[in-house]
Amino acid sequence: MRLGKKIGCGCGGLVLLLLLAAIGIWLWKPWAQLVPLEMVEPEPSVGERVDTDDVLGNFYPARGVENGPAILLIGGSEGGLGSDMTRLARALQADGFSVLHQSYWRAPGQPERLEGIPLETFQRGLAWLRTRPEVDPSRLAMMGWSRGSEATQLLAMRDESIRAVVLGMPGNAVAPGFTWDAPWKQYGSPWTWRGEAFDYLDMSEVQMFGRDMDEVGRDLMALQDEQPEAIIPIEEVGVPVLMICGEADGVWASCPMARKIEERADANGKDDVRLLAYADAGHYGYGAPVSEDDPAFENLSRLGGSNEGTAEALREGYREIVRFLREETGASGT
């Protein structure tokens with residue numbers, strides 16, 4: 001089950017911390033202000049805030065649909081309910097899917113660190129979706145971006161209600177716990193299952209500063225050979241998987257890690273894993289399309305790649321996401 005001991009740094013922000021340092025953003029103001037918490041409030045005409053004792057998120061029901069497919073959508077180290085995943089949720093809603101965008105850390109009343117998050121948090125999100133009249137409980141998918149890709153894989157190994165998985169800028173191993181208040185520090189395992197923590201990579205011996213970022217990335221990848229207990233066994237995910245990565249990802253090595261996932265799946269006879277890699281896309285190359293006249297367009301390259309290349313990845317990748325989810329959940333086109 002790969003639960004228990006740490007495989008053990010002070011680098012929970014991974015290469016994102018290096019990126020920020022490289023462009024000269026340091027201790028001139030609190031780190032948390034560099035990635036402000038967003039709690040997007042849905043417009044009443046399109047969605048609703050879910051705030052129960054068990055689930056915090058935004059629900060975007062497919063219009064005029066009963067017993068249709070649904071998606072549990074989670075973000076990554078940004079925490080809360082950010083605008084990037086909100087844009088994705090709204091696009092999927094327009095394409096006939098009911099979507100719960102779930103928050104699991106950093107929001108009011110939730111953990112302040114990405115540490116010790118129970119996978120049961122997401123099971124409660126799935127359970128909430130199954131109660132909705134818009135949703136067919138047998139047609140659920142889960143989508144995870146960045147650090148959320150870890151939780152998505154780990155839960156899909158354990159929850160048979162998930163029919164399909166989409167991973168954006170994925171990791172193939174469990175990285176250390178993390179907080180924006182001290183992103184240079186390593187915390188404990190980010191995920192637990194039934195009260196037990198998952199093993200995670202110890203990055204404490206990797207020199208993170210004053211080096212080429214590609215070299216650091218290679219060193220971090222090499223750790224996986226030394227600490228195999230932290231690798232997520234994709235072969236135990238019993239449903240089809242679609243992955244999207246950016247070759248110019250400035251946060252972490254999403255394409256090398258996605259290829260590791262693909263290689264491990266192939267080696268273990270799992271033939272339903274597909275990878276879409278985009279050469280000039282950065283970390284924002286997963287989500288809903290962004291047009292050139294959208295104010296968000298000029299920020300697409302902030303975490304690697306070019307604005308144009310990342311926008312192309314969003315456009316093409318989103319089309320493939322919808323095609324994949326329709327096929328795997330039995331949804332019809334709209």
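The model shown is predicted, which means the values in this text are computed figures rather than measured ones. Quick note: numbers below take in every heavy atom, side chains included, and nothing from hydrogens, waters or symmetry partners.
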Check the angle between the aromatic planes of Trp252 and His283 and answer parallel, tilted or perpendicular using the 30° and 60° thresholds. perpendicular
Smallest heavy-atom separation, Met203 atom then Pro176 atom, equals CE-CD, 3.4 Å
What are the two closest non-hydrogen atoms of Ile162 and Ala156, and how far apart are they? CD1-CA, 3.9 Å
Just wondering, do Leu56 and Arg49 contact through their side chains at under 4.5 Å, heavy atoms? yes
Quick check: does any side chain N or O of Arg139 sit under 3.5 Å from a backbone N or O of Asn67, one acting as donor and the other as acceptor? yes
Set out, in order, the CA-CA distance, both residues' side-chain angles and the distance that settles salt bridge (Lys or Arg N to Asp or Glu O under 4.0 Å) for Glu150 and Arg147, then state yes or no. CA-CA 6 Å; Glu150 299 171 17; Arg147 294 303 301 265; 2.8 Å; yes
Heavy-atom side-chain contact between Phe324 and Leu276 under 4.5 Å: no
Any donor-acceptor N/O pair, Arg113 side chain to Thr179 backbone, under 3.5 Å: no
Do the non-hydrogen side-chain atoms of Phe198 and Glu229 ever get within less than 4.5 Å of each other? no
Donor-acceptor contact below 3.5 Å, side chain Thr310 vs main chain Ser306: yes
Do the side chain of Gln224 and the main chain of Leu220 share a donor and acceptor less than 3.5 angstrom apart? no
Distance from Asn268 atom CG to Glu236 atom CD, nearest 0.5 Å? 9.0 Å
I'd like to know whether Arg63 forms a side chain to side chain contact (heavy atoms under 4.5 Å, CB included) with Val46, so could you lay out the CA-CA distance, the side-chain angles of the two residues, the decisive distance to 0.1 Å, and finally the verdict. CA-CA 9 Å; Arg63 295 182 179 88; Val46 299; 3.3 Å; yes
State the CG-CZ distance between Asp294 and Arg87, to the nearest 0.5 angstrom. 5.5 Å
ILVMFWY cluster membership beyond Val40 - transitive side-chain contacts under 4.5 angstrom: none
Test side chain to side chain contact (heavy atoms under 4.5 Å, CB included) applied to Leu88 and Tyr318, step by step: CA-CA 9 Å; Leu88 176 56; Tyr318 180 76; 3.9 Å; yes
Salt-bridged, Glu320 to Arg323, with N to O below 4.0 Å? yes
Roughly how far, to the nearest 0.5 Å, is the NZ atom of Lys260 from the CD1 atom of Ile231? 7.0 Å
Checking the side chain of Glu38 only, and the main-chain atoms of Glu78 only, is there a donor and an acceptor separated by less than 3.5 Å? no
Reported CD-to-CZ distance for the pair Gln102 and Arg124, which is rounded to 0.5 angstrom: 8.0 Å
Test side chain to side chain contact (heavy atoms under 4.5 Å, CB included) applied to Glu215 and Asp219, step by step: CA-CA 6 Å; Glu215 292 181 4; Asp219 284 352; 5.5 Å; no
Beyond-backbone contact of Pro183 with Phe178, side-chain heavy atoms, under 4.5 angstrom: yes
Just by modelled atom types, is the Pro61 backbone N or O under 3.5 Å from a matching donor or acceptor in the Gln93 side chain? yes
Check whether any side-chain N or O of Arg264 sits under 3.5 Å from a backbone N or O of Pro233 as a donor-acceptor pair, and report yes or no. no
Supply the members, apart from Val65, of the Ile/Leu/Val/Met/Phe/Trp/Tyr cluster built from side-chain contacts under 4.5 Å; use none for a lone residue. none
One should read off an interatomic distance between Tyr278 OH and Asp249 CG, to the nearest 0.5 angstrom, of 14.5 Å
Distance alone, cut at 3.5 Å: any donor-acceptor contact between the side chains of Ser98 and Arg132? no
Is a side-chain N or O of Trp193 found less than 3.5 angstrom from the main chain of Leu155, in a donor-acceptor match? no
Considering non-hydrogen atoms only, spot the tightest contact between Pro69 and Thr329 and give its length. CB-OG1, 3.5 Å
Work out which heavy atom in Val166 is nearest to a heavy atom in Leu325; give both atom names and the distance. CG2-CD2, 4.0 Å
Presence of salt bridge, Arg315 and Glu308, under 4.0 angstrom: no
Atom of Lys270, atom of Val237 and distance for their closest heavy-atom approach: NZ-O, 2.5 Å
Just so I know, are the side chains of Glu160 and Val239 near enough to count as touching, which here means a heavy-atom distance under 4.5 Å? no
Looking at Arg194, is its backbone amide N or carbonyl O close enough to the side chain of Glu120 to form a donor-acceptor pair, meaning the two atoms are under 3.5 Å apart? yes
Val55 vs Leu100, test: side chain to side chain contact (heavy atoms under 4.5 Å, CB included). Steps then yes/no. CA-CA 10 Å; Val55 179; Leu100 175 62; 4.1 Å; yes
Short question: side chain of Asp199, backbone of Ala230 - any donor-acceptor pair under 3.5 Å? no
Give me the atom names and distance for the closest heavy-atom approach of Thr152 to Met143. OG1-C, 3.9 Å
Validation row: Pro42, Leu81 side chains within 4.5 angstrom (heavy atoms): no
Any side-chain heavy-atom pair of Asp159 and Leu140 under 4.5 Å: no
Establish, from distance only, whether the side-chain atoms of Asp202 and Ser204 form a donor-acceptor pair under 3.5 Å. yes
Same cluster or not: Tyr60 versus Tyr104, using hydrophobic residues (I, L, V, M, F, W, Y) connected whenever any side-chain heavy atoms lie under 4.5 Å apart? no
Tell me, do Glu292 and Asn307 make a side-chain contact under 4.5 Å, heavy atoms counted? no
With a 6.0 Å cut-off (strictly less than), is the heavy-atom count around CD of Glu112, excluding the residue itself, greater than 12? no
Within this structure, what is the CG-CZ distance for the pair Leu72 and Phe122, rounded to the nearest 0.5 Å? 7.5 Å
Under the ring pair (Phe, Tyr, Trp, His ring centres under 6.0 Å) test, which residues partner Phe97, sequence neighbours left out? none
